[in-house]
Number of protein chains: 2
Amino acid sequence: MSHSFEKICQLLKEHNYKLTPQRITIIEMFLENRDQHLSAEDVYDLVKQEAPDIGLATVYRTLEMLAQIGVLLKMDFGEGRLRYEFSEGVHHHHHLICVQCGNVSEVEEDLLDLMEAKIEEEEGFTIIDHQVKFFGICKKCQDNNI
Amino acid sequence: MSHSFEKICQLLKEHNYKLTPQRITIIEMFLENRDQHLSAEDVYDLVKQEAPDIGLATVYRTLEMLAQIGVLLKMDFGEGRLRYEFSEGVHHHHHLICVQCGNVSEVEEDLLDLMEAKIEEEEGFTIIDHQVKFFGICKKCQDNNI
DNA sequence: GTACGTGCAAATTGTTTGCAGCGTG
DNA sequence: CACGCTGCAAACAATTTGCACGTAC
């Protein structure tokens, strides 16, 4: 079910991508930070600790490639920059974005199957994926506001 | 219910914003294109036909201002640019984004109230707004693919 | 060995800002 | 007539691209 290092390497091979040290480091980084939504710059900073010579462009290219083959999912939280996370289980978690502190957390709730079925039927639109974002005030901020 | 020119002007006054020709032109443009999701550049191109001297920065500033006072809603379809639409009824329509042609259309379906109630209860997260995007292939593209 | 991958720097793109002059209320 | 608003150009920030060199297969 979940992504493993081996499975991802396998995917690269299938798509005729080479397994370079830089790519390996980036993939390991994501495996060690499964729960995070990392921006390109975040990845760059993290990876630089392991491999100081890596270039930012390489990070961008690798993230794009991993998104293309379905390992990562591009997420846009409206900050003017993209974030990346493992694509697994995308259909069953949504994001809670706190408009005060900017923190992004996840919920597992998903009642969208009904909606999808209706849309496919009524609009003739074949749904591949969905993204749901709830904007509001997280518990922490609410507590701080008192 | 729906935005009218008068109501928007009223809102500007309430917020101590002046009613300049540029702002009027931009508001009229949106009223004439209620069904569209316009980017700043789109608005600039449209408005330039009426008022060739307008500056792109003015468009950006006006869109930001209209979003601030709640007339427009900033939408992010992950294209690396923001789009704007009237904010009315935001809770009751969602976006269908075709991954082939990039066309964005709307659906009225909304079953998220249940989900919101559950999230507020279980996570203590107070929801202000939500955005739902469905990615897939629109009817037109499906027909073209045959 | 060769095509793909890399680092670097420069280019692009969307958006923001500083400023002197203009126009609304 | 004051202050907010404008156009212009320059500044910014995230991302992309061109290119000569390096390296996985």
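Below, read A as the first sequence line, B as the second, and so on, with proteins coming before strands; counting in each chain starts at 1.
The distance from atom CG of B:N16 to atom P of D:dC5 is 9 Å, rounded to the nearest whole Å. A straight line from CZ of A:R83 to P of D:dA13 spans 16 Å, rounded to a whole angstrom. Between the CG atom of A:L82 and the P atom of D:dA13 there is a distance of 17 Å, given to the nearest Å. Rounded to a whole Å, the OH atom of B:Y60 is 17 Å from the C1' atom of D:dT6. Here D:dT15 presents its P atom at 17 Å from CE of A:M65, a figure rounded to the nearest Å. Computed from coordinates, the B:I26 CD1 to D:dG7 C1' distance equals 13 Å when rounded to whole Å. Note: NZ (A:K13) to P (D:dA24) measures 14 Å, nearest angstrom.
Annotation: side chain of A:I69 is not in contact with side chain of A:E14 (no heavy-atom distance under 4.5 Å). No side-chain heavy atom of A:F86 sits less than 4.5 Å from a side-chain heavy atom of A:L73. When side chains are defined from C-beta on, B:Q36 does not count as touching B:R83, because their heavy atoms never get closer than 4.5 Å. The shortest side-chain heavy-atom distance between B:L56 and B:E41 falls under the 4.5 Å cut-off. Counting only heavy atoms from C-beta outward, the side chains of B:Y17 and B:T62 never approach each other to under 4.5 Å. Side-chain contact between B:Q22 and B:V47: absent, with no pair of heavy atoms (C-beta onward) separated by less than 4.5 Å.
Atom OH of B:Y84 and atom CE of B:M75 lie 11.0 Å apart (nearest 0.5 Å). Annotation: the span from B:R23 atom CZ to B:L66 atom CG amounts to 8.0 Å, rounded to 0.5 Å. Atom CD1 of A:I26 sits about 4.0 Å away from atom CD1 of A:I54, to the nearest 0.5 Å. The structure places CG of A:L82 at 9.0 Å from CD of A:E64, a figure rounded to the nearest 0.5 Å.
Not one side-chain nitrogen or oxygen of A:T20 sits closer than 4.0 Å to the OP1 or OP2 atom of D:dT23.
Recorded end-axis angle for the helix from C:dG1-D:dC25 to C:dG25-D:dC1 stands at 40°, based on five pairs per end and rounded to 10 degrees.
A:E41 comes within contact range of no nucleotide atom at all, as no heavy-atom separation falls under 4.0 Å. When heavy atoms are screened at a 4.0 angstrom cut-off, B:Q22 is found touching the sugar-phosphate backbone but no base atom.
Side-chain to base pairing of B:R61 with D:dG7: one donor and one acceptor N or O lie within less than 3.5 Å of each other.
Considering all non-hydrogen atoms of both residues, A:Y44 and A:V59 come closest at CD1-CG2, 3.9 Å.
If you find the closest nucleotide of DNA chain C to B:E64 and to B:Y17, the one lying nearer the 5' end belongs to B:E64.
Side-chain contact check for B:E6 and B:Q10: no donor-acceptor pair (N or O, by modelled atom type) lies under 3.5 Å.
Scanning residues 44-59 of chain B for heavy-atom distances under 4.0 Å to DNA chain D yields B:D53, B:I54, B:G55, B:A57, B:T58.
The nucleotide range of DNA chain C contacted by chain A, defined by atoms under 4.0 angstrom from heavy atoms of the protein and reported 5' to 3', is C:dA3 to C:dC8.
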